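Below: the structure, in structure tokens.
Just so you know, ligand 1 is whichever comes first in the structure, and atom 1 is the first atom listed for that ligand. The model shown is predicted, which means the values in this text are computed figures rather than measured ones.
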Amino acid sequence: MAALSRHDHHRPGLGHARLTPLYDTVVRLLGVPRLHGRLLEQADVRPFCAVLEIGCGTGNLALQVKRTQPAAHVTGIDPDTRALASAQRKAARTGFDLSWDCGVAQQMPYSDGAFDRVLSSLMLHHLDAEQRRAALAEARRVLAADGSLHVVDFGGTVDHRDGFIARRLSHTARLADNYDNGLLSAMNEAGFARVTEVEQRVSRVLGRIAFYRAER
Ligand SMILES: C[S@@+](CC[C@H](N)C(=O)[O-])C[C@H]1O[C@@H](n2cnc3c(N)ncnc32)[C@H](O)[C@@H]1O
């Protein structure tokens with residue numbers, strides 16, 4: 001792992017650094033591993049693909065990439081040093097070799113075109129509009145010419161049948177920008193091509209979740 005340094009101005013996974021040790025238990029209960037599995041099917045990671053997860057947190061998705069495609073080169077970046085330390089411990093336990101970097105998605109230490117796939121799971125809603133713009137521009141910069149971005153996050157179009165939680169979340173200040181065409185527009189504005197909403201799912205606890213795919 002690259003030297004860990006402190007990066008301020010980020011929201012940890014559960015909103016507060018003290019809660020990071022509970023992160024894996026909470027996301028398991030929320031069914032996040034199933035979302036990861038679906039995102040990975042969409043990303044179609046091939047052997048020797050270079051894969052980057054932005055906002056990798058405790059490394060669950062990055063590790064799942066490695067489990068499903070052991071010949072892929074997988075890197076995770078996140079500003080939360082506690083979450084990264086947990087990712088690193090889990091990788092050591094499983095014997096998988098991944099790279100973990102401490103940093104923010106808006107300014108990444110990778111060369112242009114370094115990755116075939118960039119993945120983002122439940123991360124973009126942590127960013128304000130300016131940070132999100134910068135993070136998507138960086139994701140595009142680090143993708144190879146034929147590379148693709150795969151995103152799962154709060155999003156899609158909430159309707160009255162979605163239930164109370166989905167409707168409430170869609171009005172939360174931090175999440176509101178994601179819904180309707182918010183994420184699609186942000187990816188288009190960042191210069192991605194063939195930006196597609198692949199599917200939407202409604203979870204009783206997380207509300208409406210959408211999957212997106214975009215090409216460099
Ligand atoms: C809800 S967690 C998701 C973690 C992981 N992607 C998953 O699906 O389990 C959001 C993560 O985004 C990270 N994050 C927040 N701001 C970030 C930024 N500016 N750049 C990269 N990651 C960021 C947080 O530290 C946290 O680990």
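When the options Leu61, Val198, Val65 are evaluated for a side chain to side chain contact (heavy atoms under 4.5 Å, CB included) with Leu39, the one that passes is Leu61.
Which parts of ligand 1 touch Cys56 is read off a 4.0 Å heavy-atom cut-off, strictly below it: atoms 5 (C). Those atoms of ligand 1 with a heavy atom of Gln106 less than 4.0 angstrom away are 18 (C), 19 (N), 20 (N). In summary, the atoms of ligand 1 found under 4.0 Å from a heavy atom of Leu127, numbered by their order in the structure, are 16 (N), 17 (C), 18 (C), 19 (N). Residue Glu53 approaches ligand 1 through these ligand atoms, each under 4.0 Å from one of its heavy atoms: 5 (C), 6 (N). Those atoms of ligand 1 that come under 4.0 Å of a heavy atom in Leu122, given as number and element, are 1 (C), 2 (S), 3 (C), 10 (C). Here is the list of ligand 1 atoms found below 4.0 Å of a heavy atom in Val104: 19 (N), 20 (N). Those atoms of ligand 1 that come under 4.0 Å of a heavy atom in Asp80, given as number and element, are 25 (O). Below 4.0 Å from some heavy atom of Ala105 lie the following atoms of ligand 1, by number and element: 18 (C), 20 (N), 21 (C).
For Ala135, no heavy-atom contact with ligand 1 is shorter than 4.0 Å.
In this structure, Val27 has no heavy atom closer than 4.0 Å to ligand 1. The closest approach between a heavy atom of Asn60 and any atom of ligand 1 is not below 4.0 Å. Not a single heavy atom of Gln131 sits under 4.0 Å from any atom of ligand 1.
Between Phe48 and His73, the ring planes lie tilted relative to each other; the angle falls in the 30° to 60° range.
Side-chain contact between Asn60 and His36 is present, with heavy atoms from C-beta onward closer than 4.5 Å. For the pair Val74/Val45, no side-chain contact is recorded, criterion being any heavy-atom separation below 4.5 Å from C-beta on. Within the 4.5 Å cutoff, side-chain heavy atoms of Arg132 are placed close to those of Asp177.
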Next on the checklist: Evaluate Asp116 against Arg46 for salt bridge (Lys or Arg N to Asp or Glu O under 4.0 Å), listing each step before the verdict.
Outcome noted: CA-CA 9 Å; Asp116 302 297; Arg46 305 282 168 87; over 6 Å; no

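More than 12 heavy atoms of other shown residues, nucleotides or ligands fall within 6.0 angstrom of atom CG in Asp44.
Closest to atom 17 (C) of ligand 1 by heavy atom, among Gly55, Ala134, Pro79, is Pro79.
Residue contacts with ligand 1: Ser121 is placed with a nitrogen or oxygen under 3.5 Å of a nitrogen or oxygen of the ligand (distance criterion only).
With hydrogens and angles disregarded, a donor-acceptor distance shorter than 3.5 Å links the side chain of Arg140 to the backbone of Arg216.
Nearest heavy atom pair, residue Gly55 against residue Met123, reads CA-CG, 3.5 Å.
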